[in-house]
Amino acid sequence: CREIRNQLVVHYLHLVRYTAERLRTKLPDEVDVEDLYSAGVFGLMSAIDGFKLERGFKFETYCAPRIRGAILDHLR
């Protein structure tokens, strides 16, 4: 449901911020961390939609590469 999805996004935003700030340190000064953060939020939403609880993984383990990938895709 949309309400639960929104609550999950808010709960895991710290992972997006952390990933965006870590990637930002390796990029030129012209790259805005807020742009990276925005792209990472889309990755988080995609991870929420694609997560399968029955596989037995922690959500954080599943979503971290998805967030990073969304940010890298945005940079390309």
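The hydrophobic cluster containing Leu23 also contains Leu75, counting ILVMFWY residues as joined when their side-chain heavy atoms lie under 4.5 angstrom apart, directly or transitively. Residues Val33 and Leu27 fall into different hydrophobic clusters, defined by Ile, Leu, Val, Met, Phe, Trp and Tyr side chains chained together at heavy-atom separations under 4.5 Å.
The stretch residues 27-76 participates, sequence neighbours left out, in these ring pair (Phe, Tyr, Trp, His ring centres under 6.0 Å) pairs: Tyr12-Phe59, Phe51-Phe59, Phe51-Tyr62. Sequence neighbours left out, the pairs with a member in residues 19-32 that pass side chain to side chain donor-acceptor pair (under 3.5 Å) are Tyr18-Arg22. Applying the side chain to side chain donor-acceptor pair (under 3.5 Å) test to pairs two or more places apart or on separate chains, those with a residue in residues 2-11 are Arg5-Asp49. Listed by first then second residue, pairs satisfying salt bridge (charged side-chain N to carboxylate O under 4.0 Å, His left out) with a partner in residues 33-43 read Arg17-Glu34, not counting sequence neighbours.
Contacts of Asp73 classified as salt bridge (Lys or Arg N to Asp or Glu O under 4.0 Å), with partners at least two apart in sequence or in another chain: Arg76. A search for side chain to side chain donor-acceptor pair (under 3.5 Å) contacts involving Ser38 returns nothing, not counting sequence neighbours.
Within the 4.5 Å cutoff, side-chain heavy atoms of Val9 are placed close to those of Leu44. Counting only heavy atoms from C-beta outward, the side chains of Ile48 and Cys63 never approach each other to under 4.5 Å.
Distance CG/Leu72 to CD1/Ile67: 12.0 Å, rounded to 0.5 Å.
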